[in-house]
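Residue numbers begin at 1 in each chain, while the letters A, B, ... track the order of the sequences. Heavy-atom basis, side chains included; hydrogens, waters and symmetry copies ignored.
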Amino acid sequence: MSKHRFAAAQRHRGEHIAEWTIRIVASTSILTIFLIFVFVFRETTTLFSPDAQNIPSSSATAEEILTPELYNADALTAEEAHELNIPEVYNPETGTLGEPEPIALGGPELPRSSTKQVAERSVWNRLTDAAWQPVSSDPKFGIMPLLVGTAKTTFLAILLGAPLGILAAMYSAFFAPARVRNVLKPTIELLAGFPSVVIGFFCLTIVATLMQDLLGTEARLNAIVGGIGLSITVIPIVFSIAEESLSAVPKSLREASLALGGTEWQTAYRVMLPAAAPGVFAAVLLGIGRAFGETMIAIMATGNAPMLTAGIADPVRTVAATIGAEMGEVVWGSDHYGVLFLLGTILFVVSFGLNAITELYVKQRLIRKFQGQ
Amino acid sequence: MKTLASTTTSKKRLLGFFAVLVTVVAVVAIIGLLISMFGTFVVQGSGQLSWTFLTEAPRNNNTEGGIFPAIFGTTILVLLMTLLGVPVGTATAIYLSEYARQSAAFARAVRFAVNTLAGVPSIVFGLFGVGFFIQFVGGGIDNVTAGAVFGKPALLWASATLAVLTLPVVIVSVEEALRAVPRELREASLALGATKWQTITKVVLPNSVSGILTGSILAVGRGAGEVAAILFVGVVYSLERLPSSVTDQFMHLGYHLYVLSTQSPDVEKTLPLQYATTLVLLGLTFVLNFSAIYVRSRLRRI
């Protein structure tokens, strides 16, 4: 009898341990979000202390190991790169930026003697420069051109991707016969399965040529090509979430509208779409989040020139692409390194904010709406 | 009066026609895009594809030869990623489905974190990999052991970074599978005197194996094509020998394609190689995605 009770107590304790282990592991996601913020932000701290500039990397081999990634880049001159139409990742050694504006990196022009002046300007002043020239004796970390470039490509991606995604979602949710819908949904969602590097390659080779033939743009790779590429990643996200929220609108609304003499399309556009508006809005927000943080497509298809211009047919450089292109060659612990992590922090904070809006605001509204309060 | 009514109805009908048509056009445009992407890569890539391309190492500065080291590197990377990520993802899903009260603050925080994690740009995971895994964890191990083995980009850190990146994929699919297990099964098990943990391990989990499998496959599909997150945590463009330990660096299909198409000195010359590499990468991700869809559709039928 007592043996029995002992076993039960053991079992009870085992239950307790199991539950708490599961709980602790489940908190990994929360912990990770916290750690991402802390550790991405932590690497920007070099920017806060004036004497911490250009600390050698904590592990001496790190830089050495990272550099060979830029395979053969120093064998390329700017002209060659331009001829080959390579969306060059800028090369810190020769200070060139292949495609297509050679103005961006002014390293060699400035005499070394300006280092004294360099020390007087803090990194924070440099962030508001009009140019992004991180490798130079007087480096300029102007993030404005990058932000404008990101805004351009994101805007174009949403302009193209959101209407396509929402309309396709409406077809799938309201007009398609059930059998078509069952095939259509997974088919469109296949688009989400394309690795972004493949989409980037598709834009680089096919879309860029097509758009240049169509529009006669000066630069082969530009914000338009980048925007089209990003819209390919936006479409499946907007479609999935919009479709889900359109399908979640209570059937009674549709029946009421039809009973009052509304046609199918009137019901779809004037009753169901407005009812699902918060969900559709959420879909677009998450699409924006995807487009502005996308790296590989931006690196490969936008031309990678950090220029501050207004034209959408100009080459641009996005925030994410800058990190992707430059992080590999940067000296760990330098100002440049810190600024790249600062850009990462910006990306993280914005994506976190967009997600928080959709989670906390939009979902609440949807729930309230459908419960008829 | 009658004609007025008929013109408004015909106008309405026309408007209705266009309202539906425009949605059909959107669908056709998306399907067209899908087909043109598949078509391009299949047509352009299949010519170069051969057994030697898949099994040989690249030659002559990656302008000739095969891509075996990249296939090998990608495979090992995603296997290691699965090993690290799936247990954590499954445990989180078990918590969300079996233990959490839906209104509990902690459960809501976990859900919020999972959704947020899914929206974080992959390049930020790459920075996290550098700052946390390489510098903090790896550097920390090196400090303690006085070595210089872990504090540098390596296969292990790339896998860990991808495991974190694909965590939401695993959690969402596994939770869906757990919830698909009928409540009656749990109740029957509990009524027979089994404890909660026994019910989970002996009844719920065996009934959702296919869901865990789906989650893992989807995660692998997502991880195999991811390049931005691993750019700085261990991938390289050429290797002298295949990685033999988790602290080695590795080649990767997606990264190979990226460098070949943007940074190699003779892009035109290697174009056939680029298409063939793309086809292999696409083949890998889509075989995985299709098998996930298949497993999941079987799951839904149960």
Side-chain angles (χ1 to χ4, degrees), chain A residues 11 15 18-19 22-23 25-26 28-30 32-33 35-36 39-40 43 58-59 61-62 65 69 71-73 75 84 86-87 164 167-168 170-171 175 186 188 191 193 195 197-198 201-202 204 206 235 263 265 269 289 293 295-296 300 320 323-324 327-328 341 344 347-348 351-352 355 359, chain B residues 16 19-20 22-24 26-27 29-30 34 37 40 88 91-92 94-95 99 109-110 112-117 119-121 123-124 127-128 131-132 135 139 148 151-153 164 195-197 221 225 227-228 231-232 236-237 254 257-259 261-263 265 267 278 281-282 285-286 289 293:
Chain A
R11 204 155 74 180
E15 283 294 303
E19 182 171 347
I22 291 284
R23 265 171 194 275
V25 178
T28 308
S29 301
I30 302 173
T32 308
I33 289 290
L35 287 178
I36 290 177
F39 278 90
V40 173
E43 299 298 320
S58 62
S59 106
T61 49
I65 283 151
E69 279 180 15
Y71 170 77
N72 227 350
L84 290 168
I86 301 172
L164 276 177
L167 287 172
M170 287 184 68
Y171 177 76
F175 304 128
I188 292 183
L191 215 48
V197 67
V198 171
F201 179 59
F202 181 71
L204 181 71
I206 309 292
I235 289 169
T263 61
W265 72 268
Y269 278 86
T295 308
M296 297 320 289
M300 294 168 89
I323 303 172
M327 192 62 207
F341 272 88
L347 286 184
F348 177 74
S351 73
F352 187 89
N355 193 69
E359 283 288 310
Chain B
V20 179
V22 83
T23 62
V24 177
V27 169
I30 296 172
L34 204 59
M37 280 172 72
T40 307
V88 176
T92 308
I94 290 175
Y95 168 73
Y99 285 105
V110 171
F112 179 77
V114 172
N115 288 332
T116 305
L117 216 50
V120 172
I123 192 80
V124 176
L127 293 179
F128 175 63
F132 181 68
Q135 307 256 56
K152 60 185 179 57
V164 175
T195 64
K196 188 155 191 167
W197 182 243
V227 178
L231 277 176
F232 339 113
V236 283
Y237 181 52
L257 172 64
Y258 163 58
V259 182
S261 65
T262 60
Q263 285 165 50
V267 171
T278 311
L281 180 58
L282 265 189
T285 48
F286 278 102
N289 276 322
I293 290 171

Once you round to the nearest 0.5 Å, how far does OG1 of Thr92(B) lie from CD1 of Ile22(A)?
8.0 Å
For Gln135(B) versus Glu43(A), what's the shortest heavy-atom pair and its separation?
NE2-OE1, 3.5 Å
Taking every heavy-atom pair that is under 4.5 Å apart, which of Pro186(A), Gly289(A), Gly344(A), Gly193(A) has the most such pairs with chain B?
Gly193(A)
Could you check whether any side-chain heavy atom of Pro195(A) comes within less than 4.5 Å of a side-chain heavy atom of Leu281(B), counting everything from C-beta outward?
yes
Between Leu167(A) and Val24(B), is there a side-chain heavy-atom distance shorter than 4.5 Å?
no
If I measure from the heavy atoms of chain B, does Phe202(A) come under 4.5 Å with its side chain, its backbone, both, or neither?
both
With respect to chain A, which residue among Ala91(B), Ala26(B), Gly225(B) yields the maximal number of heavy-atom pairs within a distance under 4.5 Å?
Ala26(B)
Least distance between heavy atoms, Ile123(B) atom then Gly293(A) atom
CG2-O, 4.3 Å
Would you say Tyr99(B) and Glu19(A) make side-chain contact, with heavy atoms under 4.5 Å?
yes
Look at Gly139(B), Ala228(B), Gly16(B) and state which one has the largest set of heavy-atom pairs under 4.5 Å with chain A.
Gly16(B)
Under 4.5 Å from a heavy atom of chain B, the part of Leu191(A) involved:
both
With side chains defined as the heavy atoms from C-beta onward, is the minimum distance between Phe232(B) and Ile323(A) less than 4.5 Å?
yes
What part of Val164(B) is in contact with chain A, defined as an atom under 4.5 angstrom from a non-hydrogen atom: side chain, backbone, both or neither?
side chain
So, do Thr285(B) and Val198(A) sit near enough that their side-chain heavy atoms are less than 4.5 Å apart?
no
Counting only non-hydrogen atoms closer than 4.5 Å, does Tyr269(A) touch chain B with its backbone (N, CA, C, O), its side chain (CB onward), both, or neither?
side chain
Looking only at heavy atoms and a cut-off of under 4.5 Å, which of Gly131(B), Ala109(B), Gly254(B) has the most pairs with chain A?
Gly131(B)
Output the distance between atom CZ (Phe112(B)) and atom CD (Glu359(A)), rounded to the nearest 0.5 Å.
6.5 Å
Go through the steps for Phe341(A) and Phe128(B) under the test ring-ring contact (aromatic ring centres under 6.0 Å, His included), then give the verdict.
CA-CA 9 Å; Phe341(A) 272 88; Phe128(B) 175 63; over 10 Å; no
In chain order, what residues pass the ring pair (Phe, Tyr, Trp, His ring centres under 6.0 Å) check against Tyr95(B), with sequence neighbours excluded?
Phe106(B)
Least distance between heavy atoms, Ser261(B) atom then Leu204(A) atom:
O-CD2, 3.5 Å
From CE (Met300(A)) to OG1 (Thr262(B)), nearest 0.5 Å
6.0 Å
Please classify the contact of Asn289(B) with chain A as side chain, backbone, both or neither, using a heavy-atom distance under 4.5 Å.
side chain
For the atom pair CZ (Phe201(A)) and OG1 (Thr278(B)), what is the distance rounded to the nearest 0.5 Å?
4.5 Å
Tell me, out of Gly221(B), Ala19(B), Gly119(B), who's got the most heavy-atom pairs with chain A below 4.5 Å.
Ala19(B)
Thr263(A), part contacting chain B, at a heavy-atom distance under 4.5 Å:
neither
Min side-chain heavy-atom separation Leu127(B)-Met327(A) under 4.5 Å
yes
Going through the checks in order, is the side chain to side chain contact (heavy atoms under 4.5 Å, CB included) test met by Val25(A) and Ile94(B)?
CA-CA 10 Å; Val25(A) 178; Ile94(B) 290 175; over 6 Å; no
Is it the backbone or the side chain of Phe286(B) that comes under 4.5 Å from a heavy atom of chain A, or both, or neither?
side chain
Most heavy-atom pairs under 4.5 Å with chain A, out of Val22(B), Val88(B), Val120(B), Leu34(B), belong to Leu34(B)
Cut-off 4.5 Å, heavy atoms of chain A, and the answer for Leu282(B) is side chain
Part of Ile235(A) lying under 4.5 Å from any heavy atom of chain B:
side chain
Supply the atom-to-atom distance Leu117(B) CG to Thr32(A) OG1, rounded to the nearest 0.5 angstrom.
6.0 Å
Using the test side-chain hydrogen bond (donor to acceptor under 3.5 Å, both in side chains), find all partners of Thr40(B) that sit at least two apart in sequence or belong to another chain.
none
Checking heavy atoms, do the side chain of Ala29(B), its backbone, both or neither come under 4.5 Å from chain A?
side chain
